[in-house]
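Only one structure is covered here, and it is reproduced in the block below.
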Amino acid sequence: MWKNVFDWLDERLGLNDLYKNLLDRPEPKGTWWNTLGSASLFLFILQGITGIFLTVYYTPSPDHAYDSVQYIMEGVAFGWLIRGIHHWGASLMVIIVFIHLLRVFVTASYKYPREMTWLIGIGLLLATLGIGFTGYLLPWNQRFDWATLVGTQMTGGSAILGGFILNAMRCAPTLRAPTLPLFFAAHIWMILAALAGLIGAHLYLIIKHGESHFPTKED
Ligand code: HEM
């Protein structure tokens, strides 16, 4: 019976072709260093899952954000755990993505034909930093407030467009109430969508080109 169901779906969705193209490939001959991309992907998914749970109780308004986070920590079952994983997972993701970049650089895996994989990777690094930065403000307490002030101020210092970008990021010349909903929207929607799209393109290219190997003497 299951075979009939599978055949019915396969004829309509091409499941066998999907399996052959995506998963039925020779096992990559790498070292532990080649697992850092997958570790980044795992952390991205973990952040997504814990983030969804957090949005159930988090309120992105300056009047309620701080209290809603306190409630998650003290009033919600395992709220402290979910928030802790999301908080430390964010830092770990930045570190792992960066070490993954260093590995790719050291093994010169950015060269032909993987230049686009590298360029998309740069986008992934920026998006990872952006999603971490916007998330830092969300608890709406003093520490995170100052971090955002310093971070946005640094962007404002850049030439020509600095002032414009600074105002756009804060929705005002100083850190004001609209900054919080803006950062929240960027955090859970805009940057997340960019990150998901870039990861899809990154993985497509990795499947297309296969993985590089560590250079040997002959190389
Ligand atoms: C969210 C961030 C990222 C995810 C989820 C991700 C995912 C992956 C995965 C699963 C692989 C294949 C296995 C591996 O080599 O570990 C890979 C390879 C690769 N990644 Fe990333 N990556 C990310 C960030 C980056 C960054 C920041 C760069 C560089 C700027 C980059 C450049 C590359 C390149 C060039 C390869 C091919 C390496 C090879 O064939 O040896 N990636 N990535």
Side-chain angles (χ1 to χ4, degrees), residues 17-55 82-138 147 151 154-155 158 165 169 183-219:
D17 290 346
L18 207 63
Y19 169 77
K20 269 190 209 124
N21 290 327
L22 279 181
L23 300 171
D24 196 12
R25 294 175 290 125
E27 186 194 338
K29 297 267 171 290
T31 66
W32 281 102
W33 293 105
N34 294 66
T35 60
L36 292 169
S38 305
S40 311
L41 184 62
F42 170 77
L43 286 168
F44 171 74
I45 294 169
L46 186 71
Q47 290 302 95
I49 295 171
T50 49
I52 288 171
F53 281 122
L54 289 174
T55 52
I82 299 290
R83 183 175 174 229
I85 294 174
H86 198 75
H87 182 86
W88 292 107
S91 305
L92 192 62
M93 186 169 163
V94 171
I95 294 169
I96 297 286
V97 167
F98 195 69
I99 304 177
H100 170 58
L101 179 152
L102 287 182
R103 186 295 277 174
V104 169
F105 183 73
V106 167
T107 55
S109 307
Y110 52 82
K111 291 187 180 173
Y112 175 84
R114 298 186 179 79
E115 298 94 329
M116 283 306 291
T117 320
W118 170 266
L119 285 178
I120 292 173
I122 297 290
L124 281 171
L125 178 70
L126 294 176
T128 305
L129 291 173
I131 209 162
F133 178 61
T134 48
Y136 215 60
L137 176 75
L138 301 183
M154 277 159 60
T155 321
S158 54
I165 299 172
M169 278 168 88
F183 270 45
F184 182 66
H187 187 75
I188 68 152
W189 168 226
M190 300 167 211
I191 304 181
L192 185 79
L195 201 51
L198 288 170
I199 289 179
H202 201 63
L203 294 183
Y204 163 74
L205 290 178
I206 289 153
I207 290 172
K208 179 170 167 55
H209 295 301
E211 270 192 56
S212 68
H213 55 275
F214 273 64
T216 56
K217 265 191 185 157
E218 287 72 45
D219 296 323

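Indexing begins at 1, ligand by ligand and atom by atom, following the structure's order. FYI, the numbering just counts along the sequence from 1.
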Validation row, ring centre Phe133 to ring centre Phe183 under 6.0 Å: yes
Which segment of Arg103 sits under 4.0 Å of ligand 1 when only heavy atoms are counted: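 The answer is the side chain of Arg103.
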Applying a heavy-atom cut-off of 4.0 Å, say which part of Ile206 lies close to ligand 1: side chain, backbone, both or neither.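 It is the side chain that touches ligand 1; the backbone stays farther off.
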Spell out, as yes or no, whether a donor-acceptor pair under 3.5 Å connects the side chain of His209 to the backbone of Pro113.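 Confirmed, His209 side chain pairs with Pro113 backbone.
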Strictly distance-based, threshold 3.5 Å: is any side-chain N or O of Asn21 a donor or acceptor partner for the main-chain N or O of Leu18? no
Nearest-neighbour protein heavy atom for [atom], which is reported as residue plus atom name and distance:
atom	answer
atom 3 (C) of ligand 1	Leu124 CD1, 3.7 Å
atom 35 (C) of ligand 1	Val104 CG1, 3.3 Å
atom 2 (C) of ligand 1	Val97 CG2, 3.7 Å
atom 39 (C) of ligand 1	Ser212 OG, 3.2 Å
atom 32 (C) of ligand 1	His202 CE1, 3.5 Å
atom 25 (C) of ligand 1	His100 CD2, 3.3 Å
atom 36 (C) of ligand 1	Thr117 CG2, 3.8 Å
atom 28 (C) of ligand 1	Gly121 CA, 3.4 Å

With atoms numbered from 1 as shown, which atoms in ligand 1 lie under 4.0 angstrom from a non-hydrogen atom of [X]?
X	answer
Asn34	13 (C), 14 (C), 15 (O), 16 (O)
Ser40	3 (C), 4 (C), 5 (C)
Leu125	27 (C)
Leu101	27 (C), 29 (C), 30 (C)

Would you check, one step at a time, whether the test side chain to side chain contact (heavy atoms under 4.5 Å, CB included) holds for Ile131 with Leu195? CA-CA 9 Å; Ile131 209 162; Leu195 201 51; 4.2 Å; yes
Least distance between heavy atoms, Gly89 atom then Gln47 atom: CA-OE1, 3.4 Å
For a quick test of reading the model, state the closest non-hydrogen atom pair linking Ala127 to Ile191 and the distance between them. O-CG2, 3.4 Å
I'd like to know whether ligand 1 has Phe44 as a neighbour, heavy-atom separation below 4.0 Å. no
In the structure I gave you, are the side-chain heavy atoms of Leu192 and His187 within less than 4.5 Å of one another anywhere? no
Hey, mind stepping through Asn34 and Glu211 against side chain to side chain contact (heavy atoms under 4.5 Å, CB included) and telling me if it holds? CA-CA 9 Å; Asn34 294 66; Glu211 270 192 56; 3.0 Å; yes
Going from CG on Leu119 to OH on Tyr110, what distance comes out if it is rounded to the nearest 0.5 angstrom?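 Nearest 0.5 Å value for the CG-OH distance: 12.5 Å.
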Would you tell me whether Arg103 and Ser109 have side-chain atoms, one donor and one acceptor, within less than 3.5 Å of each other? yes
